Amino acid sequence: KQEVTQIPAALSVPEGENLVLNCSFTDSAIYNLQWFRQDPGKGLTSLLLIQSSQREQTSGRLNASLDKSSGRSTLYIAASQPGDSATYLCAVLYTGNQFYFGTGTSLTVIP
Amino acid sequence: DAGITQSPRHKVTETGTPVTLRCHQTENHRYMYWYRQDPGHGLRLIHYSYGVKDTDKGEVSDGYSVSRSKTEDFLLTLESATSSQTSVYFCAISDPLDSLEQFFGPGTRLTVL
(Lines give C-alpha, C1' and ligand atoms only; values in the text may rest on other atoms or scores of the structure.)
Protein backbone atom coordinates (compact mmCIF):
# COMPACT_ATOMS: atom_id res chain seq x y z
CA LYS A 1 0.00 0.00 0.00
CA GLN A 2 1.37 3.37 -0.98
CA GLU A 3 1.79 5.84 1.89
CA VAL A 4 1.36 9.59 1.63
CA THR A 5 2.23 11.64 4.71
CA GLN A 6 1.53 15.26 5.48
CA ILE A 7 3.28 17.00 8.32
CA PRO A 8 2.29 18.95 10.34
CA ALA A 9 -1.31 17.88 10.84
CA ALA A 10 -2.19 21.41 11.94
CA LEU A 11 -0.55 24.78 11.54
CA SER A 12 -1.46 28.23 12.87
CA VAL A 13 0.24 31.36 11.51
CA PRO A 14 -0.32 35.13 11.70
CA GLU A 15 -1.67 36.88 8.64
CA GLY A 16 0.97 37.92 6.13
CA GLU A 17 3.39 35.14 6.92
CA ASN A 18 4.83 32.91 4.19
CA LEU A 19 4.43 29.21 4.91
CA VAL A 20 5.31 25.77 3.57
CA LEU A 21 3.19 22.63 3.72
CA ASN A 22 4.87 19.27 3.26
CA CYS A 23 3.85 16.05 1.54
CA SER A 24 6.00 12.92 1.41
CA PHE A 25 5.44 9.67 -0.45
CA THR A 26 7.09 6.28 -0.37
CA ASP A 27 7.44 5.40 -4.06
CA SER A 28 9.17 7.75 -6.50
CA ALA A 29 7.51 6.20 -9.57
CA ILE A 30 4.64 8.65 -9.58
CA TYR A 31 2.58 9.82 -12.56
CA ASN A 32 1.53 13.13 -11.02
CA LEU A 33 0.89 14.88 -7.71
CA GLN A 34 -2.05 17.15 -6.97
CA TRP A 35 -2.66 19.65 -4.17
CA PHE A 36 -6.20 20.35 -2.98
CA ARG A 37 -7.93 22.67 -0.58
CA GLN A 38 -10.94 21.58 1.47
CA ASP A 39 -13.14 23.94 3.45
CA PRO A 40 -15.23 22.53 6.32
CA GLY A 41 -18.25 20.59 5.04
CA LYS A 42 -17.23 21.09 1.43
CA GLY A 43 -15.69 19.13 -1.39
CA LEU A 44 -12.08 19.31 -2.54
CA THR A 45 -10.90 22.14 -4.77
CA SER A 46 -7.92 21.48 -7.03
CA LEU A 47 -5.10 23.97 -6.49
CA LEU A 48 -2.13 22.70 -8.48
CA LEU A 49 -1.16 19.63 -10.47
CA ILE A 50 2.47 18.69 -11.01
CA GLN A 51 3.28 16.04 -13.57
CA SER A 52 6.18 13.68 -12.95
CA SER A 53 8.33 15.46 -15.54
CA GLN A 54 7.89 18.85 -13.85
CA ARG A 55 9.71 20.36 -10.87
CA GLU A 56 7.19 23.02 -9.90
CA GLN A 57 3.93 24.76 -10.68
CA THR A 58 2.71 28.21 -9.71
CA SER A 59 -0.71 29.77 -9.40
CA GLY A 60 -0.96 33.24 -7.89
CA ARG A 61 0.41 33.12 -4.33
CA LEU A 62 0.82 29.35 -4.47
CA ASN A 63 3.87 27.43 -5.60
CA ALA A 64 4.16 23.67 -5.51
CA SER A 65 7.43 21.81 -5.98
CA LEU A 66 8.16 18.16 -6.61
CA ASP A 67 11.31 16.18 -5.82
CA LYS A 68 10.70 12.59 -6.86
CA SER A 69 14.12 11.34 -5.78
CA SER A 70 13.49 12.33 -2.18
CA GLY A 71 9.77 11.52 -2.28
CA ARG A 72 8.70 15.03 -1.33
CA SER A 73 6.45 17.84 -2.48
CA THR A 74 5.97 21.23 -0.86
CA LEU A 75 3.19 23.79 -1.19
CA TYR A 76 4.41 27.32 -0.58
CA ILE A 77 1.81 29.96 0.27
CA ALA A 78 3.01 33.56 0.10
CA ALA A 79 1.59 36.39 2.19
CA SER A 80 -1.03 34.25 3.90
CA GLN A 81 -4.56 35.61 4.40
CA PRO A 82 -7.40 34.55 6.73
CA GLY A 83 -9.23 33.27 3.65
CA ASP A 84 -6.46 30.71 3.20
CA SER A 85 -7.66 28.92 6.33
CA ALA A 86 -8.66 25.41 5.26
CA THR A 87 -7.36 21.86 5.14
CA TYR A 88 -4.77 21.21 2.43
CA LEU A 89 -4.48 17.73 0.96
CA CYS A 90 -1.96 16.21 -1.38
CA ALA A 91 -2.72 13.24 -3.61
CA VAL A 92 -0.26 11.08 -5.50
CA LEU A 93 -1.15 9.21 -8.66
CA TYR A 94 0.80 6.14 -9.61
CA THR A 95 0.38 4.07 -12.73
CA GLY A 96 -2.74 1.97 -12.31
CA ASN A 97 -4.93 5.05 -12.02
CA GLN A 98 -5.29 5.01 -8.23
CA PHE A 99 -4.76 8.20 -6.27
CA TYR A 100 -3.42 8.03 -2.72
CA PHE A 101 -4.24 10.87 -0.37
CA GLY A 102 -2.51 12.25 2.67
CA THR A 103 -4.62 13.05 5.73
CA GLY A 104 -4.08 16.77 5.27
CA THR A 105 -2.72 19.81 7.06
CA SER A 106 -5.29 22.03 8.76
CA LEU A 107 -4.18 25.65 8.31
CA THR A 108 -5.43 28.57 10.38
CA VAL A 109 -4.37 32.09 9.45
CA ILE A 110 -4.90 34.48 12.33
CA PRO A 111 -5.93 38.05 11.43
CA ASP B 1 -15.91 24.64 -11.14
CA ALA B 2 -16.18 21.30 -12.90
CA GLY B 3 -19.78 20.27 -13.51
CA ILE B 4 -20.16 17.49 -10.97
CA THR B 5 -23.27 16.95 -8.91
CA GLN B 6 -24.04 14.34 -6.29
CA SER B 7 -27.42 13.21 -5.04
CA PRO B 8 -28.68 13.04 -2.43
CA ARG B 9 -26.51 15.47 -0.49
CA HIS B 10 -27.63 14.08 2.84
CA LYS B 11 -29.21 10.77 3.73
CA VAL B 12 -30.11 8.98 6.93
CA THR B 13 -30.96 5.31 6.66
CA GLU B 14 -31.22 2.21 8.81
CA THR B 15 -28.91 -0.78 9.00
CA GLY B 16 -29.72 -3.41 6.41
CA THR B 17 -31.40 -1.14 3.87
CA PRO B 18 -30.03 -0.66 0.34
CA VAL B 19 -28.73 2.78 -0.58
CA THR B 20 -27.76 4.22 -3.96
CA LEU B 21 -25.75 7.39 -4.39
CA ARG B 22 -25.56 9.13 -7.74
CA CYS B 23 -22.78 11.13 -9.35
CA HIS B 24 -23.49 13.12 -12.50
CA GLN B 25 -20.92 15.01 -14.60
CA THR B 26 -21.29 17.36 -17.53
CA GLU B 27 -17.56 17.45 -18.41
CA ASN B 28 -17.46 14.29 -20.56
CA HIS B 29 -14.49 13.06 -18.52
CA ARG B 30 -13.63 9.44 -19.09
CA TYR B 31 -12.70 8.40 -15.54
CA MET B 32 -14.92 8.56 -12.49
CA TYR B 33 -14.21 7.66 -8.86
CA TRP B 34 -15.99 7.10 -5.58
CA TYR B 35 -14.19 7.91 -2.31
CA ARG B 36 -15.17 7.93 1.32
CA GLN B 37 -13.72 10.37 3.82
CA ASP B 38 -13.47 9.52 7.50
CA PRO B 39 -11.65 11.24 10.37
CA GLY B 40 -8.20 9.77 10.83
CA HIS B 41 -8.28 7.90 7.53
CA GLY B 42 -8.45 10.66 4.97
CA LEU B 43 -9.85 9.90 1.55
CA ARG B 44 -9.97 6.27 0.49
CA LEU B 45 -10.89 4.96 -2.93
CA ILE B 46 -13.92 2.66 -3.09
CA HIS B 47 -14.36 1.98 -6.82
CA TYR B 48 -13.45 3.67 -10.04
CA SER B 49 -14.44 3.53 -13.70
CA TYR B 50 -12.36 3.82 -16.85
CA GLY B 51 -15.41 4.20 -19.04
CA VAL B 52 -18.91 2.95 -19.65
CA LYS B 53 -19.38 -0.50 -18.10
CA ASP B 54 -15.68 -0.60 -17.19
CA THR B 55 -15.12 -0.50 -13.42
CA ASP B 56 -12.55 -1.69 -10.91
CA LYS B 57 -12.15 -2.02 -7.16
CA GLY B 58 -10.31 0.40 -4.95
CA GLU B 59 -8.83 0.11 -1.50
CA VAL B 60 -12.10 -0.26 0.45
CA SER B 61 -14.57 -1.91 -1.95
CA ASP B 62 -16.14 -4.52 0.36
CA GLY B 63 -19.86 -3.90 0.80
CA TYR B 64 -20.08 -1.56 -2.19
CA SER B 65 -20.93 -2.02 -5.86
CA VAL B 66 -20.95 0.43 -8.74
CA SER B 67 -22.44 0.81 -12.17
CA ARG B 68 -21.76 3.09 -15.10
CA SER B 69 -24.20 2.75 -17.98
CA LYS B 70 -23.58 6.25 -19.36
CA THR B 71 -20.47 8.43 -19.51
CA GLU B 72 -22.07 11.07 -17.32
CA ASP B 73 -23.42 8.89 -14.48
CA PHE B 74 -21.66 6.74 -11.89
CA LEU B 75 -23.76 5.03 -9.23
CA LEU B 76 -22.54 3.71 -5.89
CA THR B 77 -24.73 1.10 -4.16
CA LEU B 78 -24.57 -0.14 -0.62
CA GLU B 79 -26.45 -3.42 -0.89
CA SER B 80 -27.13 -3.67 2.85
CA ALA B 81 -25.96 -0.61 4.74
CA THR B 82 -24.00 -1.01 7.98
CA SER B 83 -23.08 1.57 10.62
CA SER B 84 -19.42 1.33 9.52
CA GLN B 85 -20.50 2.83 6.20
CA THR B 86 -21.52 6.08 7.88
CA SER B 87 -19.24 8.54 6.12
CA VAL B 88 -18.97 11.38 3.64
CA TYR B 89 -18.86 10.10 0.08
CA PHE B 90 -17.17 12.02 -2.70
CA CYS B 91 -17.32 11.51 -6.42
CA ALA B 92 -14.44 12.67 -8.61
CA ILE B 93 -13.68 12.80 -12.32
CA SER B 94 -10.55 12.98 -14.43
CA ASP B 95 -9.48 12.53 -18.04
CA PRO B 96 -6.27 11.41 -19.76
CA LEU B 97 -6.54 14.41 -22.07
CA ASP B 98 -6.43 16.67 -19.00
CA SER B 99 -3.34 15.11 -17.35
CA LEU B 100 -5.69 13.07 -15.14
CA GLU B 101 -6.27 16.12 -12.91
CA GLN B 102 -9.05 15.18 -10.49
CA PHE B 103 -12.11 17.31 -9.83
CA PHE B 104 -14.46 16.60 -6.96
CA GLY B 105 -18.17 16.80 -6.36
CA PRO B 106 -19.70 18.43 -3.26
CA GLY B 107 -20.11 15.17 -1.34
CA THR B 108 -22.93 13.13 0.21
CA ARG B 109 -23.18 12.77 3.97
CA LEU B 110 -24.57 9.32 4.77
CA THR B 111 -25.63 8.26 8.25
CA VAL B 112 -26.53 4.63 8.90
CA LEU B 113 -28.40 4.13 12.17
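All of these numbers come straight from a predicted model, not from anything done at the bench. Lettering follows sequence order; numbering is per chain, from 1.
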| request: Determine, using the 4.5 Å side-chain heavy-atom cutoff (strictly less than), whether B/V60 and B/L110 are members of one ILVMFWY cluster. | output: yes

| For chain B, which residues from residues 48-74 of chain A have at least one heavy atom closer than 4.5 Å to it? | A/L49, A/Q51

| said: Do B/L75 and B/V112 land in one hydrophobic cluster if side-chain heavy atoms of ILVMFWY residues count as linked below 4.5 Å? | reply: no

| Residue-level contacts of residues 31-42 of chain A with chain B, using a heavy-atom cutoff under 4.5 Å | A/Y31, A/N32, A/Q34, A/F36, A/Q38, A/K42

| task | Report the distance from atom OH of B/Y31 to atom CZ of A/F99, rounding to the nearest 0.5 Å. | result | 10.0 Å

| task | Kindly compute the distance separating CG (A/L44) from CZ (B/F103), expressed to the nearest 0.5 Å. | result | 12.0 Å

| said: Can you list the residues of residues 12-22 of chain B that sit under 4.5 Å from chain A, counting heavy atoms only? | reply: none

| message | Using the rule that Ile, Leu, Val, Met, Phe, Trp and Tyr join whenever any side-chain heavy atoms are under 4.5 Å apart, tell me whether B/L100 and B/Y50 fall into a single cluster. | response | yes

| task | Enumerate by number any residue of residues 34-47 of chain B whose heavy atoms lie under 4.5 Å from heavy atoms of chain A; in the absence of such residues, state 'none'. | result | B/Y35, B/Q37, B/G40, B/H41, B/G42, B/L43, B/L45

| said: Under a 3.5 Å threshold, yes or no: a donor from one side chain and an acceptor from the other, between B/E101 and A/S46? | reply: yes

| request: Check the hydrophobic clustering (I, L, V, M, F, W, Y; side-chain heavy atoms under 4.5 Å; chains of links allowed) and say if A/Y76 and A/V109 are grouped together. | output: no

| Do you reckon B/F74 sits in the same ILVMFWY cluster as B/V52, going by side-chain contacts under 4.5 Å, direct or chained? | no

